[in-house]
Q: 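This is the structure I have questions about; it appears just below.
So that the names make sense, note that chain A is the first sequence line, chain B the second, and so on, each numbered from 1. Only heavy atoms go into these numbers, but all of them, side chains included; no hydrogens, no water, no symmetry mates.
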4 protein chains.
Amino acid sequence: MKRADGRGTAGELPDAGENPPLPSGKPSGKARGRPRSEAVERAILDAVTRLLEEGVSYDALSVEQIARTAGVGKAAVYRRWSGKDELFLYVVKEMEEPTYEGPGDGPLREVLIGALGWLRQIGLAKRRSTLLRVLAGHVHSRPELWKRYHETVISARRERLAFVLRRGIERGELRGDIDIDVLVDMLTAPILARILLRDWEELPEEMPRQIVDAFLDGLRPRE
Amino acid sequence: MKRADGRGTAGELPDAGENPPLPSGKPSGKARGRPRSEAVERAILDAVTRLLEEGVSYDALSVEQIARTAGVGKAAVYRRWSGKDELFLYVVKEMEEPTYEGPGDGPLREVLIGALGWLRQIGLAKRRSTLLRVLAGHVHSRPELWKRYHETVISARRERLAFVLRRGIERGELRGDIDIDVLVDMLTAPILARILLRDWEELPEEMPRQIVDAFLDGLRPRE
Amino acid sequence: MKRADGRGTAGELPDAGENPPLPSGKPSGKARGRPRSEAVERAILDAVTRLLEEGVSYDALSVEQIARTAGVGKAAVYRRWSGKDELFLYVVKEMEEPTYEGPGDGPLREVLIGALGWLRQIGLAKRRSTLLRVLAGHVHSRPELWKRYHETVISARRERLAFVLRRGIERGELRGDIDIDVLVDMLTAPILARILLRDWEELPEEMPRQIVDAFLDGLRPRE
Amino acid sequence: MKRADGRGTAGELPDAGENPPLPSGKPSGKARGRPRSEAVERAILDAVTRLLEEGVSYDALSVEQIARTAGVGKAAVYRRWSGKDELFLYVVKEMEEPTYEGPGDGPLREVLIGALGWLRQIGLAKRRSTLLRVLAGHVHSRPELWKRYHETVISARRERLAFVLRRGIERGELRGDIDIDVLVDMLTAPILARILLRDWEELPEEMPRQIVDAFLDGLRPRE
DNA sequence: TCGTAATCGAGACGGTACGTCGTGTCTTGAG
DNA sequence: CTCAAGACACGACGTACCGTCTCGATTACGA
C-alpha cells in the first residue's frame, strides 16, 4: 500500500481557492503523469460560452450538460474546477483580462466620455454583457462569486476612473465635496443599469457624452 | 392583504388563459366543491417570505421546500400558481402595492430629492430590496417575470418622474435636448446600482441631494 | 419542517430486511398518499428477468439499466428495494414460491426418483436455473443473499427430502449410520453440480433413476 | 514459480493471437527495449492473492485496486494481461499445477476414497477453494474463463477418475450400464457441492469413505 | 558509448453507474 | 372540488472505476 507511508501532501488547506490546481500559468514543479489536455480545457470553456450565448440561463446550466456539449467526461471538468461557479468565474476572468487600457491622459471631458464609451461597448458585446448580467444577477445569492469578480475586474476599472476624477479635483476642474465613490456611480450607473435591466442595443451612441456633460455642467440652462 | 380593488391583478395572465385561477378577489360565479382554504394561501405566502428573509437564495428556493415549510401539499401550490416564478411575482406585487404617493408638486429640486430619497428607502428596506434584486437578477433569464414586474410597478414610478422632468423642461428649468428616458436613468441609476450590486446599507443619506445637485448644476466649480 | 417533530418511525432497525416496505401482501395500516403502482412493479421485475435471460450477467446488471429497460425512474426502484441485491432476491423468491409439493407418500425408490426428477426440471427450466446459478455464484461474495435464499427456499426442499429418508431408516429400508445431511447431498449434488457447472440440457432423463438406484443398491454387480 | 515445462501455458491463447505477450517462459527471439521487470510481476500476483485472502470478493476486486496495492501503474497490469479475468486465471493456474498425483493402482475402494479425500483437501485449503469458488461462480457469466480452467485443470482430474472406474468395470467390479461421466459426478459432486455452497470446514473427514461405500454397496441394508 | 525502444509510475481521458434530491404531474382517500 | 401525502418519469448532483492514452524518466540491448 505504498500510499500509506510518506504521504507528501503537506499542508493541504482547502480554502486556498485553488484546491484543484486551477489552470493558470504553468504552475508548480514536477508535473507527473499525463498532463492535462489544453484541448479539453478549450472545449469546456467553449461549451460554457456557447451555451450561455444560446440563451441557457445560468441556473439551467449544469456540469453534466457542459461536459456533454464539450464532448468530455464530467470528471475532466471536476478535475479542473470545483463546480459550476468556479468554472463560470474562470470563464469570466479569462474573457475580461485582455482589455481596458485607458483612460489615459487628456482633457477631463474627453477622458470621461472615452471611459463611458468603452463601458457602453461592453454592453453592446453580447458575450461580455451576458457574463456581466449573470454575475450581477447573483450578487446576493452567491456573494463570493461577485466578490471575486469585483476584486479582480471591477475594482480596477473603478479605480482608474477614480484616479482621473481625483486628479480633476486637484486641478480645480471638479468640486471636491462629494465622495469619489459616489461620483463614479453617477457616471457609470446609468449605462450599467441599461446593460443589466434592458434588452440588448438600448444604449444610444450619444449617452456617454450626455452623461458627462450633465455631470460636468448640469442640466440647468445657462443663460 | 388581498387587495379588493380592481387594479393590477384583475384580468391579467393573458398568455395563459387557462392556467390555475390565480388567487384574485373571489372570482366569478359558481364555485363548486370545497372552496380553497385561505389559511393554506397564507401559509404558502408566509413560507416564501420567511424563507427569503432567512437568507435562502431565490435559486435555492424550491416549491418542495416551500410546501414543506408551509405544511401543505405541493399540489396546493401548483393549484394556485404555475410555479416558483408566478408565486414569487405574486408575493412581490402584494408587497409593493401600498406605497409611493409622491412626487407631488413643488420646486423641481425638492421634488427630485424626494423621489430619490424614496427610492433609497426601498434599498434600505431589506425585504423589498431583496425582491427587487431577485427580479433584476432574472431580467434576461426569465424576461416575462421582469416584464410583468416592470409593467405593473416600475413603469408607473418612472412615468411619474418623467412627468416632473417634462414639466421642468416646459418651464425652462431644464435643457430639453436629452431624451427623458435617459434623464430618468441618470437620476435613478446611481441609487439603483447600489441597491443591486452592493451590500445593504451602503446608501448614504446625502446621496439623493448630491445626485440632484450635480444633475442640475454640474460638478464644475462656478467661479 | 414537519419532519422534525413526532417522527413516528419507532424502532427502525435496518436489518429487518424490509426497511423500505417491501412489496409483499398489502401490509400495514392507513396507506396515505398515492399508492405504489403495480404496473411499475411488474415492469421492474419483468425487466430484471428479461435482462438476465438475455445473458446480462448479474454483475453487469445495474439499477440504472433495469430502470431504463422498465421505462421507470431509478427512484421507483429504490423506493421498493434497497438496491440490486434486494431486488434480485425478491425476483428469485417470487419465482420459486409456487412450486414443489412432493414428495408425498409411496415406495421409497419412486419418491426419491420423483424428487430428483423435479430438481432436474429446474435445471432444464432456463429462467429458474439462471437464477439458481447466479445465486450460487455469489454464495461467498454476498453471503447474506445466499443465506436468505437458502432459508426461504432451499432448506424447505432439503427438509422434505430428509423427512423421506428418515422415514426410510425407521422402516428399515435404509442404513441409519450416515448423517442425513450427507445423504441428501449424495442424492442431489450430482444433478445440482450439472446445473451449476455445465451448459443447459446436459441433464439426461435417466439420471435421477440411476442415482437413486446406485444410492439404494450400489454399483457392485449382484451375482 | 514460473513453470518451465512445456505443458499447459505453452501456445495457448488461440483466440487472441496478438494479445499482450502473456508472461510465459521467456518467449521467443529478440526483445528490444527495456525488459519487463519480474519484480513488477511478482508484486501484481502477490497483490491479487493478498487481496483475495483479505476477503475482497472477486467482483469487488478491481484492476485499479490491484495496481494500487502492488504499487505499480495500471498499464503495467494491462501490458501483461487483458484484464481482471485473464490475470485471475493466471493466478489460478500458477497455484493449481503442482498437485494431484494419485490415484495410482490398488483396490478400487481405496483408490476412490483417496481421490475423494484429496478433493476434500482442496475444499479445506482456503486459498485454493476460494479460487475454485470464484471460477465456478462465473461458469455462465464468463464461460471462456471456466472453459480454460476446466480444460487445463479439471478435465485431467476427471479423466484420471474415469480411468479408474473404467478399469473397475472391465474387471467386473462395477456395473457397466451407466455413463462414466455420470459416475464421476455421483462420486465427486457431493463434496464439490459442499465446497461451493457451504462455509469452510463443513467437510467431515468420513465423507469420502461414506460416499464410496454407498456408491459401491448401496444404502439398502443387506439382510 | 551511444542511440533506440520498450518499460516504469503517474495520472488524464471519455464513459457508465452509483444513490440522492428536486422538478412538475398524477393519483389516492378523506373532508 | 380541495386537502395532505406521496408516487411518478426525468435529469443533475459529485464520486469511483473502467480500460485506454500519454507524459517524463529509467533501463537494457545492439550498433
Q: Using the test side chain to side chain donor-acceptor pair (under 3.5 Å), find all partners of D/Glu64 that sit at least two apart in sequence or belong to another chain.
A: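 Checked D/Glu64 against side chain to side chain donor-acceptor pair (under 3.5 Å); matches are D/Lys74.
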Q: The side chain of B/Arg79 is closest to which nucleotide in this list: E/dT28, F/dA9, F/dC3?
A: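 Of the candidates, F/dC3 comes closest.
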Q: What is the distance, rounded to the nearest whole Å, between atom CZ of A/Arg80 and atom C1' of E/dG11?
A: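 A/Arg80 atom CZ is separated from E/dG11 atom C1' by 12 Å.
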Q: Pairs under 3.5 angstrom, nitrogen or oxygen only, protein versus nucleotides 16-18 of chain E, please.
A:
unit_1	atom_1	unit_2	atom_2	d
E/dA17	OP2	C/Arg68	NH2	3.0
E/dC18	OP1	C/Val63	N	2.5
E/dC18	OP2	C/Val63	N	3.4
E/dC18	OP2	C/Glu64	N	2.5

Q: Please test C/Glu41 against C/Arg80 for salt bridge (charged side-chain N to carboxylate O under 4.0 Å, His left out), starting from the C-alpha separation and ending with a verdict.
A: CA-CA 9 Å; C/Glu41 204 146 307; C/Arg80 292 170 168 75; 2.9 Å; yes
Q: So, C/Tyr90 and C/Asp85: side-chain donor and acceptor under 3.5 Å apart, yes or no?
A: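 C/Asp85 and C/Tyr90 do not have a side-chain donor-acceptor pair below 3.5 Å.
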Q: Between the base of E/dT7 and the side chain of D/Arg36, is there any donor-acceptor pair under 3.5 Å?
A: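 No, the side chain and the base share no sub-3.5 Å donor-acceptor pair.
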Q: Report the distance from atom CD of A/Glu94 to atom CG of A/Leu89, rounding to the nearest 0.5 Å.
A: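 If I round to the nearest 0.5 Å, the distance is 11.5 Å.
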Q: Looking at the base of E/dA6, is there any donor atom on it, or on the side chain of D/Arg34, that sits under 3.5 Å from an acceptor on the other one?
A: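 Donor-acceptor pair under 3.5 Å: no.
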Q: To the nearest Å, give me how far apart CZ (C/Arg42) and P (F/dA7) are.
A: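 Computing the C/Arg42:CZ to F/dA7:P distance gives 18 Å.
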Q: Please tell me which of C/Val40 and B/Ser37 maps to the more 5' nucleotide of DNA chain F, matching each residue to the nucleotide holding its nearest heavy atom.
A: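 It is B/Ser37 whose nearest nucleotide is closer to the 5' end.
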Q: For C/Gly71, which contact category applies under a 4.0 Å heavy-atom criterion: base, sugar-phosphate, or nothing?
A: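 If one applies the 4.0 Å heavy-atom cut-off, C/Gly71 turns out to touch the sugar-phosphate alone, with no base involved.
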Q: Roughly how many Å is it from CD1 in B/Ile66 to C1' in E/dG24, rounded to a whole number?
A: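 It is 13 Å, rounded to the nearest whole Å.
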Q: Considering all heavy atoms of both residues, which atom of B/Phe88 and which atom of B/Leu135 are nearest to each other, and what is their separation?
A: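 Smallest heavy-atom distance, with atoms named: CE2-CG, 3.9 Å.
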Q: Using whole Å, report how far CD of B/Glu41 lies from P of F/dT2.
A: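 So the CD-P distance, B/Glu41 to F/dT2, works out to 12 Å.
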Q: Just to verify, what does B/Lys84 make a side chain to side chain donor-acceptor pair (under 3.5 Å) with, not counting sequence neighbours?
A: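 For B/Lys84 there are no side chain to side chain donor-acceptor pair (under 3.5 Å) partners, ignoring immediate neighbours.
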Q: Does C/Pro35 or D/Ala76 map to a spot on DNA chain E nearer the 5' end, using the closest nucleotide for each?
A: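 Closest to the 5' end, via its nearest nucleotide, is D/Ala76.
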